[in-house]
Every structure is written in C-alpha cells, then in structure tokens.
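Note: hydrogens, waters and symmetry copies are ignored here, and every other heavy atom, side chains too, is used. Not measured: the values here are computed from a predicted model. The chains referred to below are lettered A, B, ... by the order of the sequence lines, with proteins before strands, and numbering in each begins at 1.
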2 protein chains.
Amino acid sequence: MHPVREQNKINKRKAIIDAAIKLFSRNGYEQTSIEELAREAGVGKGTVYSYFQTKKEIVHAFCEAELDFTRSELAAHTNPESSLQEQLLVIFMAEFKHITENRDFGRIYLQESVFPREHHGEADLEMQNQYFEILYPIYRGAQRRGELRSDLELLHIAGHFWALHLLILSCWYNGMIPTKEAPEAMKTLINQAVDGLKPPTI
Amino acid sequence: MHPVREQNKINKRKAIIDAAIKLFSRNGYEQTSIEELAREAGVGKGTVYSYFQTKKEIVHAFCEAELDFTRSELAAHTNPESSLQEQLLVIFMAEFKHITENRDFGRIYLQESVFPREHHGEADLEMQNQYFEILYPIYRGAQRRGELRSDLELLHIAGHFWALHLLILSCWYNGMIPTKEAPEAMKTLINQAVDGLKPPTI
DNA sequence: CCATAAAATCGACCGTGGTCAATTTGTTTT
DNA sequence: AAAACAAATTGACCACGGTCGATTTTATGG
C-alpha cells in the first residue's frame with residue numbers, strides 16, 4: 001500500500017477544513033481568501049484545489065460531516081416511545097439551530113445541496129439516501145404505533161417531512177419567521193401533514 | 001418630473017435584461033462576462049452594476065418576472081371547477097417545466113430566492129406574499145368545495161404545497177427524479193398532503 | 001542504494017466580478 | 001442662456017477564485 005501518502009492526504013484535508021472553520025468563522029466566508037486559507041493550513045494554494053473543487057465545496061464538506069453526526073447522534077438518542085411530532089421536532093430543530101447559528105455556512109450548504117450545479121457522482125446520491133435512512137427507524141416506529149399510514153413508502157414520508165423542514169429554513173432565511181417562532185411553525189406544519197389538509201371524514 | 005431620465009432608466013434596464021437572456025442562453029451563465037453583457041446592451045460595465053447588485057441578480061430579475069407572469073396567467077385561466085389536485089398540478093408543472101428547461105437560470109434563481117444572502121428590504125417580503133396570493137383563490141375555492149379544511153390559514157396551506165413543489169425541484173436537481181416522472185411524483189405528494197399521513201379514522 | 005516512474009505540491013498567472021473617482025448628461029435656478 | 005447642481009455613466013483598476021506546468025516528494029524495481 002501507500003500508507004504515508006494516505007495518511008498525509010487525510011491530515012492535509014483535515015488541516016484545510018480546520019483552517020476553513022477557523023477563518024470562515026472569524027472573518028466570514030467572503031472575507032477569507034483561498035490564499036489566506038492555504039497559508040493557515042500550511043499548504044499551497046493549488047493544493048487546496050486538489051482536495052476540493054471549489055471554495056463552496058469546503059463549506060459543504062464540513063457542514064455535511066457535522067450535520068450527519070448530530071443527526072445520527074440525535075436519531076439514536078431520541079426517546080423512541082415519544083410521539084412522532086416530538087421526535088421530529090427534536091431532530092429538525094437541532095438541525096435548524098446548527099444552520100441558523102451559522103447563517104453563512106448554512107446558506108452555502110443548503111444552496112449547494114438542495115440545488116446543486118451537477119449531481120456529481122453516485123456517491124452523492126448514496127449520501128442523500130443515507131441522509132434519509134437515518135430517520136427511517138423513527139418513521140417505522142410511528143407506523144407500528146399507528147401514527148402513520150403503513151401503505152406509504154418510507155421515502156415519500158421522509159421526503160414530505162424534509163420538505164416542510166426546508167420550508168421553515170427558507171422562511172427563516174427570508175425573514176418571514178424569526179428564530180424563536182420556528183419550533184411552533186414546525187409543529188403546526190407537522191400536524192397539518194399528519195392530519196391531512198382535507199376535512200376529517202366523519 | 002424627470003421624464004427623460006426615468007425613460008432612459010427603464011430602457012437601459014430592459015436592454016441589460018434582454019442582453020442577459022440572449023447571451024446567457026446562447027453561451028451559458030458562467031461563460032458570459034459582465035463586460036460582454038454590457039457591450040451587448042450598449043452600456044458601460046459600471047452601469048450594469050448601477051441597475052443590479054450582482055450578476056446573479058440579473059438572472060433573478062428576469063426569472064421572477066417570467067415566472068410571475070406565467071403563474072398568474074395560469075392561475076387565472078385554470079378551470080376553477082376542476083379538482084384541487086388538477087389545478088395545482090397544472091400550475092406547478094408549468095413552473096417546473098420553465099425551470100427545468102433552463103437548468104442554469106433555474107438553479108441560480110432558486111438558490112437566491114429560497115436561501116437568499118439577506119432578505120433585502122420589505123419589497124422582497126411583499127414579493128413573496130404576492131407570490132403566494134396568486135394561488136389563494138384556488139385554495140379558497142377548494143375550501144368552498146370541501147376539498148380543504150377551512151380552519152387552516154391560507155398561508156399555511158400555501159406554504160405546505162409550495163414545500164412539496166420545492167422538494168420535487170430539489171430531487172430533480174439531484175438526479176433523483178427524471179423529468180418525465182415529476183408529474184406523477186407531484187401527484188403522489190399532493191394526495192399525501194391532502195389525505196394526511198396518519199391512518200384514516202374509521 | 002540508485003534510477004525511474006508516479007503522485008502530490010506549489011505559486012506565478014489568468015480572467016472576471018465588483019468598485020470608484022472622474023466625466024458626461026440632464027435638470028433647476030437665476 | 002448660463003451657471004450651478006444632481007444624477008447617471010464610464011472604464012481603469014483591484015482582489016480573488018481557479019488553472020497549469022514546473023518542481024518536489026514518495027513509492028517501486030533492480
């Protein structure tokens with residue numbers, strides 16, 4: 001094998017991401033140049049671009065990692081006996097908090113992952129699925145308890161709730177929902193989705 | 001008044017947008033420089049930036065105009081007696097077609113309007129509301145016919161369906177839904193939202 | 001241990017998005 | 001009509017994102 005190289009690559013990649021977090025956090029995304037970033041990471045400018053295709057991709061990389069981590073962390077630790085609404089609220093609001101506390105990072109991450117320039121490889125699709133699958137146990141549990149219909153595909157259920165989560169984020173970015181009202185809004189939307197928009201059949 | 005100036009401003013703005021449509025369509029967004037664009041529009045580079053803050057904003061401007069037009073056009077001409085599902089499908093799919101036929105424009109427009117850098121002024125919020133309000137008559141009609149609950153706020157209903165529309169677009173941009181399957185997917189989601197995700201109460 | 005190939009690194013370089021002080025054009029005042 | 005003012009226009013200029021060929025570092029084979 002090529003153990004030295006492999007290790008170097010991993011270290012450098014981490015060094016770049018660490019430098020990015022540090023500088024982007026301190027001075028902002030736009031205000032930090034790649035040269036500055038490279039210097040902080042102790043590599044040349046060109047090297048940065050051999051690890052990441054674009055400046056945005058750097059943000060994307062560590063946001064994805066961090067969100068993936070907290071999400072699976074939460075999904076695993078959420079009380080599986082509480083109601084679907086509660087469980088989803090915990091997870092989506094944690095994610096909401098993460099994103100909104102770093103407005104710039106969050107924006108770039110969302111822009112790139114929701115409406116990407118190109119769906120790069122199969123790796124990206126894999127990522128998306130994995131993203132959804134973390135929540136599957138929660139939905140399955142809700143189906144078992146009779147909170148959700150069992151005749152629906154998990155993918156469609158997951159998509160539906162994820163869409164509502166996106167909506168909240170979009171409203172926040174557009175200044176239509178202040179931070180503290182987000183949980184209430186999310187709750188309303190979840191209930192709407194669960195209960196249905198048509199009048200109850202008596 | 002200042003009639004000459006006013007008129008000049010309107011003309012120049014239009015000239016810039018026309019040049020943008022022409023060049024962006026022919027050569028692509030990234031491949032067209034502002035200098036080129038300015039030359040085509042018959043103005044100086046700096047002038048472009050006195051009409052638009054950024055390059056993206058030019059795309060945003062004509063996308064918004066075009067989408068607004070087709071949307072209100074459709075909303076007005078849709079058969080108000082057909083089912084909610086049909087009416088929404090016509091409108092959302094027209095919008096979907098517009099966006100997906102111009103992948104680049106659509107992407108930039110969506111990125112900027114769904115997750116904007118800053119919610120600029122009140123004008124922007126006004127725009128958003130107007131955007132929703134075009135669909136209000138359709139939702140009110142559905143409420144009257146008993147297809148939608150009347151105890152829900154129109155804003156929440158509109159948001160809910162708009163979220164699903166966004167989801168379809170995101171899936172398309174991520175290569176998860178090919179163009180021809182979009183209507184079917186949208187239909188499924190609309191029905192899910194209307195019927196509700198919980199099991200029917202017997 | 002040296003020779004050779006392959007991979008990784010680098011920073012000078014390029015094109016472009018965006019800025020700004022100087023200039024032109026249009027409007028108002030005397 | 002001329003002077004004084006304000007708004008609009010301009011292109012030289014700057015900083016930065018991204019590229020690429022030259023250079024260094026690591027792995028392999030004899």
Asks: Is the distance between the ring centroids of A/His165 and A/His160 under 6.0 Å?
Replies: no
Asks: Should the pair B/Phe24 and B/Phe62 be assigned to parallel (<30°), tilted (30 to 60°) or perpendicular (>60°) ring geometry?
Replies: tilted
Asks: Does B/Ser50 have a side-chain nitrogen or oxygen under 4.0 Å from the phosphate oxygens OP1 or OP2 of D/dA8?
Replies: no
Asks: Could you give the CZ-to-P distance, from B/Arg39 to C/dT16, as a whole number of Å?
Replies: 10 Å
Asks: At their closest point, which heavy atom of B/Pro116 faces which heavy atom of A/Asn174, and how far apart are they?
Replies: CG-OD1, 3.3 Å
Asks: Quick one: A/Arg13 CZ to C/dT9 C1', roughly how many Å, whole number?
Replies: 17 Å
Asks: May I ask you to verify if any side-chain N or O of A/Tyr51 is less than 4.0 angstrom from the OP1 or OP2 atom of C/dT9?
Replies: yes
Asks: Can you measure B/Lys12 atom NZ to D/dA7 atom C1' for me and round it to whole angstrom units?
Replies: 12 Å
Asks: A/Asn11 has an atom CG; how far is it from atom C1' of C/dT9, in whole Å?
Replies: 15 Å
Asks: Nearest whole angstrom, please: distance from the C1' of C/dG18 to the CD1 of B/Ile58.
Replies: 12 Å
Asks: What is the distance from atom CD1 of B/Ile99 to atom SG of B/Cys63, rounded to the nearest 0.5 Å?
Replies: 7.5 Å
Asks: Is the distance between the ring centroids of A/Phe92 and A/Phe161 less than 6.0 Å?
Replies: no
Asks: Scan nucleotides 14-21 of chain D against the protein and return all N/O pairs shorter than 3.5 Å with their distances rounded to 0.1 Å.
Replies:
residue	atom	partner	partner atom	Å
D/dG17	OP1	A/Thr32	O	3.4
D/dG17	OP1	A/Lys55	NZ	2.4
D/dG17	OP2	A/Ile34	N	2.8
D/dG17	N7	A/Lys45	NZ	3.2
D/dG18	OP2	A/Tyr49	OH	3.0
D/dG18	OP2	A/Lys55	N	2.9
D/dG18	N7	A/Lys45	NZ	3.3
D/dG18	O6	A/Lys45	NZ	2.3

Asks: Looking at every heavy atom in both A/Ala142 and A/Leu84, which two are closest together, and how far apart are they?
Replies: CB-CD1, 4.0 Å
